[in-house]
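Below: one structure, written as structure tokens.
Atoms within a ligand are numbered from 1 in the order they appear, just like the ligands themselves.
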Amino acid sequence: MIKIVIAGATGYVGGNVARACVSSGLFDVRVLTRDVKRIPHDLVGKVEPFVAEVTQPETLRGLCDGVDVIFSSIGMYIVNRKPSLWEVDYHGNLALLDEARRARVNTFAFVSVLRGPEMAAVSPVAEIREGVAAAIRASGLDYLIYQPTGFYNDIGYLLRSARQRGVLYVAGDPNVRINPLHGLDFGEEVARMIAAGNQRNTLVPIGGPEIFTREEMARLAFKTLGLPPKIRYMPLKMVSLMADAARFVGHENAYTLFKFLEFAFSTPDMTGPCVGSRRLGDFFARLAREQSLALRPSLVEEEPEAQTPPTL
Ligand SMILES: NC(=O)c1ccc[n+]([C@@H]2O[C@H](COP(=O)([O-])OP(=O)(O)OC[C@H]3O[C@@H](n4cnc5c(N)ncnc54)[C@H](OP(=O)(O)O)[C@@H]3O)[C@@H](O)[C@H]2O)c1
């Protein structure tokens, strides 16, 4: 059995990596959490919780004892001003790296972002993720740095917005190509690579099985809901202005988000090498079912993906 620590398992990406590791039967899984109640219900009893807070490094002591591999997708969605991305995504992950080195873990697997090195020049989100990736690469530990394109949980905002507003706004280039990825397809790939153990010290750009333009994804959201497609186009300049405004009012986290979007909405090719088989249309259909059930709360099924995914 491979002993793995998963940091971020209470979120979409890390949760799916934990699921894939557990169901492979090849891993003994320890998950880092701030609160045991946040562990997804389908993982309870199948993983060993370790309660700590990455922004308080002293609490991490012992996390990696006896561990072969650590995987981290710890990262913030940027809605509030505090804590800052630097505190959580950067210093939090570096604290995990320190603990991994102290405990002589073999391999650090980390989630950065597709085209991270290019994006880092313009977007602090990528600058931070790539800064952590650079520290891991320099640490002497073996590493796997994943560079995923968008995950389905984020793309799900299209369906929610189409239903709530009846209209979708596509900012920037509607022809940007992207192959979004289901979290479980990603998790299965991570588990497979770690278990195989033959791809050490590798950067892994990664995407899902189908390539769409941004406009095609918006149309798919309307089609799933059985609504006529109502798409409005916004110049990229609007996103740049929002970034400027956020910086002007001192909202650094919002600034980093808009700079990320500015890059993602203007880079023609946001596709990574294809893995997996789970299709976006099926994910949308399931989300649509869950949303209509949510109108009648007593009928909501308890399923792992029923957790409210964060929106961009
Ligand atoms: N989703 C995408 O499309 C995408 C694409 C490329 C890269 N990524 C990268 O992957 C990361 C994870 O994505 P995700 O979709 O899994 O996000 P998520 O569902 O929001 O999960 C984030 C994880 O980070 C933890 N976390 C957040 N704030 C924290 C804090 N202040 N202290 C300690 N832990 C904290 C969360 O723990 P709690 O449950 O305790 O809050 C959770 O386990 C992102 O931040 C991003 O950098 C994502």
Which atoms of ligand 1 sit under 4.0 Å from any heavy atom of V54?
-> 33 (C)
So which of G75, G272, G14 gets nearest to atom 45 (O) of ligand 1, if we judge by its closest heavy atom?
-> G75
Hey, does I155 sit under 4.0 Å from ligand 1 if you only count heavy atoms?
-> no
A student checking ligand 1 against E53 at a 4.0 Å heavy-atom cut-off should list atoms 32 (N), 33 (C)
Judging by distance only, is a nitrogen or oxygen of F151 under 3.5 angstrom from one on ligand 1?
-> yes
Please say whether V88 places an N or O atom under 3.5 Å from an N or O atom belonging to ligand 1.
-> no
Run the numbers for me: atoms of ligand 1, each under 4.0 Å from some heavy atom of I74, listed by number.
-> 24 (O), 25 (C), 34 (N)
Below 6.0 angstrom between ring centroids: does that apply to F71 and F110?
-> no
With a cut-off of 6.0 Å (strictly less than), are more than 12 heavy atoms of other residues, nucleotides or ligands near CE of M242?
-> yes
Plane angle bin for Y152 and H182 - parallel if under 30°, tilted between 30 and 60°, otherwise perpendicular = perpendicular
Which distance, rounded to the nearest 0.5 Å, do you find between the CD1 of I155 and the CG of L280?
-> 7.0 Å
Proximal ligand 1 atoms for R129, defined as those under 4.0 Å from one of its heavy atoms | 45 (O), 47 (O)
Which donor-acceptor pairs under 3.5 Å do the side chains of residues 22-29 make with protein atoms, sequence neighbours left out?
{"residue": "S23", "atom": "OG", "partner": "R19", "partner atom": "O", "Å": "2.9"}
{"residue": "S24", "atom": "OG", "partner": "C21", "partner atom": "O", "Å": "2.8"}
{"residue": "S24", "atom": "OG", "partner": "L26", "partner atom": "N", "Å": "3.1"}

Consider ligand 1: state whether an atom of it lies below 4.0 angstrom from any non-hydrogen atom of S112.
-> yes
List the steps and the verdict of salt bridge (Lys or Arg N to Asp or Glu O under 4.0 Å) for R115 and E118.
-> CA-CA 6 Å; R115 293 185 173 273; E118 282 165 68; 2.8 Å; yes
Is T55 near ligand 1, meaning one of its heavy atoms is under 4.0 Å from it?
-> no
Which atoms of ligand 1 are found less than 4.0 Å from any heavy atom of T10?
-> 36 (C), 37 (O), 38 (P), 39 (O), 40 (O), 42 (C), 43 (O)
Pull out every atom of ligand 1 sitting under 4.0 Å from any heavy atom of M76, numbered as shown with elements.
-> 28 (N), 45 (O)
For ligand 1, does V13 get within less than 4.0 Å through its side chain, its backbone, both, or neither, judged by non-hydrogen atoms?
-> both
Flag, side chain of T149 to backbone of M270, donor-acceptor distance under 3.5 Å | yes
Residue pairs involving residues 218-248 (criterion ring-ring contact (aromatic ring centres under 6.0 Å, His included); sequence neighbours excluded) = none
Going by atom types only, do D173 and S266 share a side-chain donor-acceptor pair under 3.5 Å?
-> no
May I ask you to list the atoms of ligand 1 that are less than 4.0 angstrom from any heavy atom of G150?
-> 3 (O)
Would you tell me which option among L32, T149, N153 has the nearest heavy-atom contact to atom 5 (C) of ligand 1?
-> T149
Enumerated ligand 1 atoms positioned under 4.0 Å from heavy atoms of S73 = 11 (C), 12 (C)
Verify the neighbour count for atom CZ of R278: are there more than 12 heavy atoms of other residues, nucleotides or ligands below 6.0 Å?
-> yes
